[in-house]
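Written out below as structure tokens is the structure these notes cover.
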Amino acid sequence: MRTVETVADLRYVVAKWRTAGERIALVPTMGNLHEGHLDLVRKARGLADRVIVSIFVNPLQFGENEDFAAYPRSEVDDSEKLIGVSTDLLFMPSVAEVYPRPQAEQTRVEVPGLSDLFCGASRAGHFVGVATVVCKLFNMAQPDVAVFGEKDYQQLLVIRQMVQDLCFPIEIHGLPTVREVDGLARSSRNGYLTDEERSLAPAIYRQLKATVGRIQQGRRDFALLEEQALSNLESEGFLPDYYAIRRARDLGEPGPEDSDLVILAAAYLGKARLIDNIRLSLD
Ligand code: PAF
């Protein structure tokens, strides 16, 4: 595996692959890689001749009081893991390489509507930061295909919308969430949990599955189900942010004709903000 830190070096390698007619996949990450990320790389391996993984903790997607400085960084470990899943190229740019001009003056990409809901409502500017950096990474690496996790379901929809609106010739693949044996979604932020919080954390996924069960038994009073779930999470020790039963395609309020749904949850447990979701089909 080769590691490059500049856009010029990345483009040099990519140009050679392109000349050879090779298909290129990109897996954008913020590092501190876990099994969920490695699954994305394995998937990318099956979709392309060459796999690029980027590791970049993107300051633009963190709010002022969020964990940008504390976000876990583990480049040496990450490199070893990426070699283990046959990554061809690791792109690890500095902040100055990605944002050479003052951040306040940086051109931004916004996917309005979708970006204003849920995680976007509680984390102002978050999805503008995500869309901007993903757009830049796409332009830097010019992949044919890019792979993202479905754990960040809203992010995946924002990226798909951006790709469609800006006519990127890039296939976007979403991959199912990888979970611990007790159901907790793998996340770089799980490391913030104390032992006690870690033992409570799987309650989010249990709650999502319980709501699916109630809907499958015929309940359609979604607002009440959401309210009950929020109060259950609170009594389990969480500080819930949102819990919502939505249309999977665009996160709109589901009507009687909608059968493809997603249930989205976000809640604080101590310092960690955990998010999770589950899809369900009413057919
Ligand atoms: O999901 C992430 O790790 C990040 O939001 C992404 C897509 C790499 C953009 O910084």
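Counting convention: from 1, in listed order, for ligands and their atoms alike.
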- Can you list every salt bridge (charged side-chain N to carboxylate O under 4.0 Å, His left out) pair that touches residues 117-127, not counting sequence neighbours? Glu66-Arg123

- What pairs of residues pass the ring pair (Phe, Tyr, Trp, His ring centres under 6.0 Å) test when at least one of them lies in residues 60-98, not counting sequence neighbours? Phe62-Phe68, Phe62-Tyr71

- Message: Is it true that Tyr243 and Asn232 share a donor-acceptor pair across their side chains at a distance under 3.5 Å?
- Response: no

- Item | Under 3.5 Å donor-acceptor, His126 side chain and Gln61 backbone | yes

- Could you label the plane-to-plane angle of the Phe148 and Phe138 rings as parallel, tilted or perpendicular, counting under 30° as parallel and over 60° as perpendicular? perpendicular

- Residue pairs meeting salt bridge (charged side-chain N to carboxylate O under 4.0 Å, His left out), one or both in residues 159-177, sequence neighbours left out, come to Arg23-Glu171

Report all N/O contacts between ligand 1 and the protein shorter than 3.5 Å as a table of atom names and distances to 0.1 Å; if there are none, say 'none'.
residue	atom	partner	partner atom	Å
ligand 1	1 (O)	Gln155	NE2	2.8
ligand 1	5 (O)	Gln61	NE2	3.0
ligand 1	5 (O)	Gln155	OE1	2.7
ligand 1	10 (O)	Gln61	OE1	2.6

